[in-house]
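Below, chain A is the first sequence line, B the second, and so on; all start at residue 1.
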There are 2 protein chains.
Amino acid sequence: MIQDSHTDFSLGEVRVSMTPQERFDEYLQSKGKRTTSQRRVLVDHVFSRHEHFDADELIDQLNRKARGADRVSRATVYRALDELVEAGLLRKMSLGSRSVYEHDYGYPQHDHLHCTECDELIEFRSDELLALREAVARGYGFRVTGHRLTISGVCRACAEKRHRKISPLDLI
Amino acid sequence: MIQDSHTDFSLGEVRVSMTPQERFDEYLQSKGKRTTSQRRVLVDHVFSRHEHFDADELIDQLNRKARGADRVSRATVYRALDELVEAGLLRKMSLGSRSVYEHDYGYPQHDHLHCTECDELIEFRSDELLALREAVARGYGFRVTGHRLTISGVCRACAEKRHRKISPLDLI
DNA sequence: TTCGTTGCAAAAGTTTTGCAACTTT
DNA sequence: AAAGTTGCAAAACTTTTGCAACGAA
């Protein structure tokens with residue numbers, strides 16, 4: 001996970017010159033905040049996989065992993081997630097009642113297909129969309145800082161599951 | 001607000017042949033539900049203006065309007081909002097901690113520019129986006145049912161406000 | 001009369017916060 | 001030592017729900 005900082009570091013596709021840990025430390029320093037074992041454990045865990053997660057899942061995973069000395073409390077997780085978002089390491093989105101987080105640092109800009117049956121999030125990239133958002137914004141004198149597109153529907157797997165359950169005759 | 005049902009009814013741009021009230025009644029009937037004074041008051045109020053609103057705002061407005069006999073309780077407002085969404089009259093989105101609602105029935109498909117300073121929502125339409133979403137989905141064998149795009153940034157008014165406060169010299 | 005509806009208050013679910021004890025710098 | 005951080009429990013918020021009284025069909 002942690003590498004010599006002179007080497008480029010790859011998470012997904014974008015190459016960056018610091019590990020998430022290093023980048024977070026930098027953020028903390030710049031804010032007069034401190035590097036603690038809780039923050040280290042949390043960042044390490046969050047960037048060891050590239051899945052979407054919510055606060056509750058993260059809390060569970062951390063508790064299962066480290067029941068001992070460096071447990072991270074619920075409150076601390078929420079506080080750290082806010083910091084990671086502010087530091088630009090994570091992106092937050094609301095997908096249901098809970099907020100969902102995903103990697104931002106070292107990960108390319110993308111949007112999502114959201115399957116409303118199984119809740120899976122499929123990522124996709126579209127440069128056209130970036131052009132479109134600029135074109136729209138220009139028309140309103142709007143200064144864009146970002147966007148979020150979620151296309152909802154049914155993923156291939158769930159569509160197939162349905163077909164197996166519903167006989168073709170039922171569809172007439 | 002209420003018109004002869006043989007006349008077309010216009011809310012925004014799309015012409016429909018029933019008032020929201022009529023359409024809601026139809027939905028209620030089809031579900032074996034009943035037309036009550038609370039539901040009438042609520043639908044009437046919601047479709048008397050074309051703004052985005054959340055449950056709390058709506059409850060306040062209704063209480064201010066009708067303090068007397070046909071008050072609508074908090075619980076009933078939440079229950080009715082769910083029904084209006086299911087009936088296709090309203091669309092629900094989560095923009096912060098609260099859910100925000102907007103007209104769906106009789107109103108054209110659109111997306112939003114969201115100003116992060118003043119929270120204003122500016123609506124826009126883009127046919128290109130509809131094409132884009134189909135193209136993307138096709139690539140994943142995904143069956144689209146809808147989408148939501150929110151472009152965030154700073155609206156013209158807020159950008160100007162900033163300029164007035166910050167002298168050009170500060171920007172160097 | 002039957003059965004859906006309402007209002008209330010309590011409950012639920014997620015996130016935030018006050019505070020005393022504890023760590024990092 | 002000074003100042004930020006943690007964990008806990010309580011609080012804050014939004015939304016949902018059980019239930020008895022009420023109202024529509």
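Remark: S99(B) is in phosphate contact with dT15(D), judged by side-chain N or O atoms under 4.0 Å from OP1 or OP2. The shortest distance between the side-chain N/O atoms of Q38(B) and the OP1/OP2 oxygens of dG7(C) is below 4.0 Å. At dG7(D), one or more side-chain N or O atoms of T76(A) fall inside 4.0 Å of OP1 or OP2 (strictly under the cut-off).
Listed for the Q29(B) side chain is no donor-acceptor partner under 3.5 Å among the backbone atoms of E26(B).
Counting non-hydrogen atoms under 4.0 angstrom, R98(B) reaches the backbone sugars and phosphates but no base. Across all strands shown, T35(A) has heavy atoms under 4.0 Å from sugar-phosphate atoms exclusively, and none from any base.
One can place CZ of R40(B) at 19 Å from P of dG4(C), the figure rounded to the nearest angstrom. Distance CE (M93(A)) to P (dT14(C)): 17 Å, rounded to an integer number of Å. Counting to the nearest Å, the P atom of dT6(C) and the CG atom of D82(B) are 13 Å from each other.
In this pair, H103(B) and H50(B) present their aromatic rings perpendicular. The plane angle is above 60°, beyond the 30 to 60° band.
Of the options K92(A), K33(A), K31(A), R23(A), a salt bridge (charged side-chain N to carboxylate O under 4.0 Å, His left out) to E83(A) is made by K33(A) and by none of the others.
When the nucleotides dT24(C), dA9(C), dT15(D) are ranked by their closest atom to the side chain of A75(B), dA9(C) comes out on top. Comparing dG7(D), dT17(D), dT14(C) against the side chain of R79(B) picks out dT17(D) as the nearest. Candidate nucleotides dA3(D), dT6(D), dG7(C) were compared by shortest atom distance to the side chain of R34(A), and dA3(D) ranks first.
Between the side chains of R133(B) and H147(B), at least one donor-acceptor pair of N or O atoms lies under 3.5 Å.
The residue among Y78(B) and R74(A) whose nearest nucleotide of DNA chain D lies closer to the 5′ end is R74(A). Mapping S97(B) and S37(B) onto DNA chain D by nearest heavy atom places S97(B) at the nucleotide closer to the 5' end.
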